[in-house]
Amino acid sequence: MSDKPPGWSAARVIVVAVLLLLPFVGTLWVSVYARTGPAFIGVPFFYWYQMAWVILSAACTWAAYVLTMRAERARRAWNRAHAAGPAREEGGDR
């Protein structure tokens with residue numbers, strides 16, 4: 001087994017950070033959506049763009065949560081496996 005705990009890699013941290021920053025960039029960059037057209041079902045672009053970000057923000061937050069929990073579960077499992085040392089891996093004390 002490796003001595004380094006699994007779970008948190010640089011790539012995972014970057015992906016989680018991007019997922020959490022995307023809604024901020026999408027909603028704070030006002031020049032992107034400060035217009036009325038194109039309309040969607042009669043609703044001006046300004047409004048439906050912001051409402052779309054409500055759903056997208058929830059999806060991004062959920063994806064970041066899932067990635068974080070998977071990394072934490074892997075880290076905890078690794079810590080449990082290495083907590084008792086070599087005796088536990090060899091089937092020693094139970």
Trainee: Hey, any chance V54 and L28 share a hydrophobic cluster, counting ILVMFWY side chains that come within less than 4.5 Å of each other, even indirectly?
Mentor: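 Different clusters.
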Trainee: In the hydrophobic cluster built from side-chain contacts under 4.5 Å, what are the other members alongside I55?
Mentor: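 Members besides I55: none; it forms no cluster.
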Trainee: Let me check something: do V18 and F24 share a hydrophobic cluster, defined by ILVMFWY side-chain heavy atoms less than 4.5 Å apart, either directly or through other members?
Mentor: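 No; F24 is not reachable from V18 via cluster members.
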Trainee: Identify the two heavy atoms, one from L19 and one from C60, that lie closest to each other, and give their separation to 0.1 Å.
Mentor: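 Residues L19 and C60, closest heavy atoms: O-CB, 3.2 Å.
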Trainee: If hydrophobic clusters are built by linking Ile, Leu, Val, Met, Phe, Trp and Tyr wherever their side-chain heavy atoms come under 4.5 Å apart, do V25 and V15 end up in the same one?
Mentor: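 Cluster IDs for V25 and V15 differ.
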Trainee: According to the side-chain hydrogen bond (donor to acceptor under 3.5 Å, both in side chains) rule, which pairs have a member within residues 31-46, sequence neighbours left out?
Mentor: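 Every pair satisfying side-chain hydrogen bond (donor to acceptor under 3.5 Å, both in side chains) with a residue in residues 31-46: W29-S31.
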Trainee: If hydrophobic clusters are built by linking Ile, Leu, Val, Met, Phe, Trp and Tyr wherever their side-chain heavy atoms come under 4.5 Å apart, do L67 and L20 end up in the same one?
Mentor: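 Yes.
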Trainee: Side chains of residues 42-50: which donor-acceptor pairs under 3.5 Å do they make with residues two or more places apart or in other chains?
Mentor:
residue, atom, partner, partner atom, Å
W48, NE1, P38, O, 3.0
Y49, OH, G26, O, 2.9
Y49, OH, W53, NE1, 3.0

Trainee: Side-chain heavy atoms nearer than 4.5 Å, only ILVMFWY residues, links allowed to pass through others: does that put V32 and L56 together?
Mentor: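 Yes; L56 is reachable from V32 via cluster members.
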Trainee: Salt bridge (charged side-chain N to carboxylate O under 4.0 Å, His left out): which pairs involve residues 62-72, sequence neighbours left out?
Mentor: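 Sorted result for residues 62-72: E72-R75.
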